[in-house]
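Lettering of chains follows the sequences in order, A, B, ..., and the numbering in each one begins at 1.
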Amino acid sequence: MRRVCVISGGITKFAKANPELTQEAMCKDAFDRALADAGLELKDIDSSICTYFSDHFNGQLLFDSLTQDYLGLCPKPSMRIEGGGATGGLGIRAGYMNVASGLSDVCLVYGFEKMSEVNTAKGNEFIALASDTDFDFPVGGFYSGYYATMAQRHMHEFGTTAEQFARIAVKNYDNAFYNPYAQKHERLTVQDVLNAPMIATPITRPMVCVMSDGAACVILASEEKAKQITRRLVYITGLGCGTDTMRLGDRPRGDVILLPGEEPEKYAYLKGRWPGVASFRGGREAARQAYLQAGITDPLHQIDFAEVHDAYASSELQTYEDMDFCKYGDGGKFVEAGLPYLDGELPVNPSGGLIACGHPVGATGIMQGVFALWQLQETIQDHMKSDRLQVKDARRGLIHSHAGTGTYITVHILERGW
Amino acid sequence: MRRVCVISGGITKFAKANPELTQEAMCKDAFDRALADAGLELKDIDSSICTYFSDHFNGQLLFDSLTQDYLGLCPKPSMRIEGGGATGGLGIRAGYMNVASGLSDVCLVYGFEKMSEVNTAKGNEFIALASDTDFDFPVGGFYSGYYATMAQRHMHEFGTTAEQFARIAVKNYDNAFYNPYAQKHERLTVQDVLNAPMIATPITRPMVCVMSDGAACVILASEEKAKQITRRLVYITGLGCGTDTMRLGDRPRGDVILLPGEEPEKYAYLKGRWPGVASFRGGREAARQAYLQAGITDPLHQIDFAEVHDAYASSELQTYEDMDFCKYGDGGKFVEAGLPYLDGELPVNPSGGLIACGHPVGATGIMQGVFALWQLQETIQDHMKSDRLQVKDARRGLIHSHAGTGTYITVHILERGW
Amino acid sequence: MTDVYSFQPLMIGRPYRIEYIHSYGEVSQFFLGLKEQKLYASRCPRCGATWLPPRRDCGKCGAKCNWFEASTEGKIHTYSVLHFAGEAFLNDLPFVLVYVEFPGIDTVFLSRLVGVKPEDIVIGMSVKARFKRLVEWNANDVYFVPA
Amino acid sequence: MTDVYSFQPLMIGRPYRIEYIHSYGEVSQFFLGLKEQKLYASRCPRCGATWLPPRRDCGKCGAKCNWFEASTEGKIHTYSVLHFAGEAFLNDLPFVLVYVEFPGIDTVFLSRLVGVKPEDIVIGMSVKARFKRLVEWNANDVYFVPA
Ligand SMILES: [Zn+2]
Ligand SMILES: [Zn+2]
């Protein structure tokens, strides 16, 4: 199998609304930045992968053909990948497959979403239509509600608190303050977060990511090509993808999927009720595959930073456990101990995550790839005009993309090769 | 690179409306047939690729999560692939990438569309929304209109006639008469086709594929796994994917992309006006890649049959030329000489194609894979209860999937390995 | 007449309407059952898994399931009080979503909980199904109240 | 009230409505230009490619394009008489779609042709743009007639 590298990335500033530009122009801006960063020209790209979430957001079907065209990539191969909130992560996975399979040497993976052409309640309704429209949507189901019920169950089972969720939101806002690409540049206290308007108990507004307009891209290349392009090689050394039932209520209650090196006894206290609605089986499965491939048995110490899909502060906490940054049930303690902070043992979402950067769905998972690449290339200073968010000696990073209540989850391990 | 095989396929009978079953149940029926045909169990599948066209058709977003779940495939990896009418072909391409890259050993590629939940005019409008919604849709652009303008230009440049298009429709209806999975079982004459209601000059109703409810799947496996499963090995020996501009009017006018072994002089008579709106650059590019990989330099004699995307009889004719079954401009003569008929030199659409089988968008490109597999495994008799459509000594087949006016086109070469 | 929201850039209104005719297909019986004040569920004859919402095919082993009538009394597995919703449900706010555990059913069932103050809801509480008389032929034709 | 179309299987009406506020973004000038009875096109300063519809970025080489005013007279490159259409345009049937070639423009432009009998249309025929007085702020604000 051919080894695959990430060689450059580009991103637009995420914004609540960017009516000045069409989606295709946003993609072009991100693409131009990635080309410039790698010193490449249009002709050097031999294929693309496009990601966006839903035709509903703009009423333009086959949008990928419009963007492929606009980027000047015709008649080269392309395809669109979609998987809800995990769309971007799945796009990177498809880009890897494209290069590793030998079909492509240099592949552009780009994604976008323009969520501002409908009002927020309609946007939330569209996203809710990405749950079961026969059984779950008609009762008023929507994603903040689903995640809130998961959070309540986690609190019930493990004693997790709303304050712990709030701490995660504060951490991510604090990080984003130094990220010029982030939609939000605010400073909040834990009390601010707890006192903010309730969306769905126990989730308050600042614990939820926001809709956004934006585009992001990464350029992937075979190892051989990558070596011709950059000295700062970054390899994809592990990939994982897990899935789960569409209806949260259909999740099994059984035994934990074990990660490399784990023994069943570790989770005896869960008494066969995993994942239920409190954890993400798909995330665990994705981590298992990725850790196996990358040779990770002690993620807390072997991973230097992680960009995880924090559509909700509660799901970031749950994800600590799925990724085995801590044991199931210990997510609250993990954040209270300061471990996921920028100066902690394993900085999580040094970029500010979705909560503060925004969540233009098709771009988000790729945004994580861009920020992780810059960490590993040690170019945060160059791209953000400040090294405040540069994780020192970052050699291995994890990116984690996630669709509605964990229906799709991807994990990629990126490693410095220079 | 690992070699990839197609080991089995399954399909539902395509129908104008199948309200008895949800999409997920249709997928399950196709999947069960493919499992049974290969003697596999659910546990033998280690990943999936899902294809469907648009969220607009059912108002259920992230439908792929519902089907992945329903098929019992959670928590295994999956992703959804989309690319308009080429969705199914792109799905097979993604399945190949998935297996060839080493991420998967046995991958289910399945697709579906249920187009009957809206009326035909609305369905056509949805499909029209897969053209440029700022410039082309608002003037009344829709796909039969776009293809009709292409056909008119082809007639103008090369003297192609409506009767030649009609012959293609008749051929495909005749073939489908013996295909129990086809939506249409009718016999028409050339005069019937020419006298039928006009959709958009020169395209009459029987020259157009119909909307359909249906599902199809193929199971792909690495060569090593495939050998453990079946003696009747069928390899994917060539893959190609081309793209073109969203707006038909933006297509360049220049020199023909040359296939392996072709010289520029061959097309001197086109005087640099290729493809314009008369031909499909993306199809040509896809053929170039696939022929190069499969070592094809004389497609008319080296390919034993082809299943091509005949959304319109005119586009089947244009595709003969893109694939170099004949020279550009000779498509009309090609059909008049009887070459693409079941008993001709190169049977095209022995299944009946989209025109007679129906076009449930996400399933169509995979349907082609199923029929091609059965040809190469010599199991048409088993699956269709008649060997009438079995191409004798079929050793190498081509399948061709195509999105709106050629925005995406895939070509796969499948070869018998037993 | 087109609504214009801005000239630089040019921003216009584009209303869009779709009339779906949706089929519940092989799970129609569940929705028809709500009018009979019954909750129809599925049981897999091969692996024994039970499903509510029902499925024609077992999501665990793939076998064809049988219908059976589930209990209409259960317990709160988890819940949330919603203060925001998708556009279609803004008028209902606030409302309570609840996942209900039933005896003999492997899954938990999403519905609305009414007739109880948010501060009085606890996980584990007993609840029972109520059915709307004037059915809308959708999953909202059933809801739960304290038992 | 829910419309019921069938009970076995249960089939119901599900109307859906979306109010988009659509921005033409960086190509707004084209649509504003239609009100001035002008066709604004793009020219690439790097490779010379000309685009109508216009683009901010050249689709051939990627460079930023400049605006220019295109001729409003051209020739029919190809056409079709439509007797069927998407739902939104059923009331307009039959109508003629035409791709127009303009001098100095590399692309051909999709529009409607009016004022000529279908049997009199020929490829190569000269046509000129007409602009609607009461604009709808969309691509249909321009159409073509024989020159
Ligand atoms: Zn079972
Ligand atoms: Zn240029």
Report summary line: Residues passing the side-chain contact (heavy atoms from CB on, under 4.5 Å) test with A:P19, sequence neighbours excluded, are A:A17, C:P9, C:M11, D:S23

Query - Side chain / backbone / both / neither for B:L239 at chain A, heavy atoms under 4.5 Å - result: side chain

Query raised in the report: Can you tell if the side chain of A:M211 reaches within under 4.5 Å of the side chain of A:N124, non-hydrogen atoms only?
Result: yes

Query raised in the report: Does A:D46 come within less than 4.0 Å of A:K76, counting only side-chain N to carboxylate O?
Result: no

Report summary line: If you tally heavy-atom pairs under 4.5 Å between each of A:G404, A:S101, A:G242 and chain B, the highest tally belongs to A:S101

Query raised in the report: Can you tell which of B:D64, B:L66, B:I127 has the highest number of heavy-atom pairs within less than 4.5 Å of chain A?
Result: B:D64

Report task. May I ask you to name which of A:Q60, A:R281, A:E285 has the most heavy-atom pairs under 4.5 Å with chain B? Result -> A:Q60

Query - Most chain A-contacting option - heavy-atom pairs closer than 4.5 Å, from B:G240, B:A94, B:C74 - result: B:C74

Query raised in the report: Have B:Y110 and B:T67 got a donor and an acceptor in their side chains that come within less than 3.5 Å?
Result: yes

**Report entry** Max heavy-atom pair count under 4.5 Å with chain A, selected residue of B:L61, B:D250, B:N98
**Finding:** B:L61

Query raised in the report: Salt bridge between A:D322 and A:R284, side-chain N to carboxylate O under 4.0 Å?
Result: no

Report summary line: Of the listed A:A100, A:P75, A:C241, the one with the largest count of heavy-atom pairs under 4.5 Å with chain B is A:P75

Query raised in the report: For the candidates A:G83, A:G102, A:S78, which exhibits the highest count of non-hydrogen atom pairs separated by less than 4.5 Å from chain B?
Result: A:S78

Query raised in the report: What's the verdict on ring-ring contact (aromatic ring centres under 6.0 Å, His included) for B:F280 and B:H402, showing C-alpha distance, side-chain angles and the deciding distance?
Result: CA-CA 10 Å; B:F280 300 110; B:H402 165 122; 4.7 Å; yes

Query raised in the report: Is any NZ, NE, NH1 or NH2 atom of the basic residue among A:R247 and A:D136 found under 4.0 Å from an Asp or Glu carboxylate oxygen of the other?
Result: no

Query raised in the report: What parts of residues 51-59 of chain B touch chain A if we use heavy atoms and a cut-off under 4.5 Å?
Result: B:Y52, B:F53, B:S54, B:D55, B:H56, B:G59

Report summary line: Residue from A:S65, A:G91, A:C50 scoring the most non-hydrogen pairs under 4.5 Å with chain B is A:S65

Query raised in the report: Given a strict heavy-atom distance threshold of 4.5 Å, which part of B:S131 is in contact with chain A: side chain, backbone, both, or neither?
Result: backbone

Requested in this report: Return yes when atom CD of A:E224 has more than 12 non-hydrogen atoms of other residues, nucleotides or ligands closer than 6.0 Å, and no otherwise.
Outcome: no

Query raised in the report: Should B:M97 and A:Y96 be marked as a side chain to side chain contact (heavy atoms under 4.5 Å, CB included) after you check the CA-CA gap, both sets of side-chain angles, and the distance that decides it?
Result: CA-CA 9 Å; B:M97 284 165 23; A:Y96 172 94; over 6 Å; no

Query raised in the report: Is it the side chain or the backbone of B:I257 that comes within 4.5 Å of chain A heavy atoms, both, or neither?
Result: side chain

Query raised in the report: Do B:T364 and B:H359 have side-chain atoms, one donor and one acceptor, less than 3.5 Å apart?
Result: yes

Report task. Return yes when atom NZ of B:K225 has more than 12 non-hydrogen atoms of other residues, nucleotides or ligands closer than 6.0 Å, and no otherwise. Result -> no

Query raised in the report: What part of B:Q68 lies closer than 4.5 angstrom to a heavy atom of chain A: side chain, backbone, both or neither?
Result: side chain

Query raised in the report: If you measure from the Lys or Arg side-chain nitrogens to the Asp or Glu carboxylate oxygens, is any gap between B:D105 and B:R2 under 4.0 Å?
Result: yes

Report task. Among the options A:T243, A:D69, A:L62, pick out the one with the most heavy-atom pairs lying under 4.5 Å from chain B. Result -> A:T243

